[in-house]
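All values reported here derive from a predicted model rather than from experimental measurement. Each ligand, and each atom within it, is numbered from 1 in the order the structure gives. The residues of the chain are indexed from 1 along the displayed sequence.
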Amino acid sequence: MNSFLNDTVQGLRAADKYLLSKYFYDEAGDRLFQQIMNLEEYYLSRAEREVFELNRKAICDHFPSEGFRLAELGAGDGVKTLVLLEELIKQKRNFTYNPIDISGNALDLLAANLKAKLPDLAFEGMEAEYFEALQKLSTQTDQPLVLLFLGSNIGNFRRDNVDVFMDKLSSSLRRGDQLLIGVDLKKNPNLILGAYNDSRGVTAAFNFNILKRINRELDGNFDLSKFRHYNTYDPHTGESRSFLISLADQEIHLGAAQESFTINAFEAIHTETSRKYSKADLKDLAEKHGFKVSADFRDGSNLFTDQIWERL
Ligand SMILES: C[S@@+](CC[C@H](N)C(=O)[O-])C[C@H]1O[C@@H](n2cnc3c(N)ncnc32)[C@H](O)[C@@H]1O
């Protein structure tokens, strides 16, 4: 059974149903996410871009002075990364860029963009899961690693599994390697709620795309008109969560698994967590997993932080 099918079956069998957000990103999902990044309500991408524009030199000054690898987990369209890549090329720094993404489509678009805009850049895309790619990189090179993990992707891990991910990440790095981690900060809850439920319905369409993908790739029969997009934010845990709420009692059949699932009226399928952090939360997380926070860069409105963590 492939992992999309296996994960989907596990999620639909669970008492609290869920689907994994990494499966949002097929070609349509990549396109919708690009639209999300341009939405008025979705402040995250603009804020992180501003962090880079305001601090590009100071950020790059932290990177190793000798040759290094610049790898990026979940690079997507890499638009914000371009700001740093331009700065590094301007400074004539010796590095190779390795964007890592499970979406081959996203990597193809990124490669075309990089070739057009930065013809002097040495880069090699890796179509793989995060840890598979990091493992491969570590066998390829002894150069120090600077790992980019932007867009508050760390927020996609729930409180109960972020530690597992961070342990794995920490043990994939060597002493002295750096992590540049971009994280959405805890803030006015209404601003956060709006970012995941915009007035034009693009975030809702993105959420529904996972059902369309299941229908197409796993021979599912989800009727999209029988679901509603719904999102919440808990200021204590910092968890913003998105759901698809069933509007009726229904039976879903997955042809690829030869299995049916009962979903009751108003039962929820959890689809995405986007957890927000405070500065103190981040310090705790870094120290718990063997990192030291060496720098903290902000946008002008303090919505978003990009921190440099050094692996101790
Ligand atoms: C929300 S987008 C963010 C893109 C970019 N980092 C940014 O900040 O705009 C997440 C990207 O990570 C990729 N991704 C998600 N989970 C992944 C995983 N486990 N392994 C590799 N790539 C993953 C997706 O395909 C998608 O392109």
> Who are the salt bridge (Lys or Arg N to Asp or Glu O under 4.0 Å) partners of Asp234, not counting sequence neighbours?
Replying inline: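 By the salt bridge (Lys or Arg N to Asp or Glu O under 4.0 Å) rule, Asp234 matches no residue at all.
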> Which residues pass the salt bridge (Lys or Arg N to Asp or Glu O under 4.0 Å) test with Glu287, sequence neighbours left out?
Replying inline: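 With neighbours one apart ignored, the set is Lys283.
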> Does any pair with a residue in residues 55-84 pass side chain to side chain donor-acceptor pair (under 3.5 Å), and if so which ones, sequence neighbours excluded?
Replying inline: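 Only Gln34-Asp77, Glu48-Lys80, Lys57-Asp61, Arg69-Asn98, Glu72-Thr81, Glu72-Tyr97 qualify under side chain to side chain donor-acceptor pair (under 3.5 Å).
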> Only one of Asp177, Leu145, Leu88 clears side-chain contact (heavy atoms from CB on, under 4.5 Å) with Phe68; which?
Replying inline: Leu88
Table of N or O contacts for ligand 1, cutoff 3.5 Å:
from, atom 1, to, atom 2, distance (Å)
ligand 1, 6 (N), Gly74, O, 2.8
ligand 1, 8 (O), Lys80, NZ, 2.6
ligand 1, 8 (O), Gly151, N, 3.4
ligand 1, 9 (O), Lys80, NZ, 3.3
ligand 1, 16 (N), Tyr130, OH, 3.4
ligand 1, 19 (N), Glu129, OE1, 3.0
ligand 1, 20 (N), Tyr130, N, 3.2
ligand 1, 22 (N), Ile102, N, 3.2
ligand 1, 25 (O), Asp101, OD1, 2.5
ligand 1, 27 (O), Asp101, OD1, 3.3
ligand 1, 27 (O), Asp101, OD2, 2.7

> Would you call Arg158-Asp160 a salt bridge at under 4.0 Å N-O?
Replying inline: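 Looking at Asp160 together with Arg158, the answer is yes, because their closest N to O distance falls below 4.0 Å.
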>> Working note: Phe222 + Phe261, criterion ring-ring contact (aromatic ring centres under 6.0 Å, His included); need CA distance, chi angles, decisive distance, verdict.
In response: CA-CA 11 Å; Phe222 278 105; Phe261 305 87; 8.6 Å; no
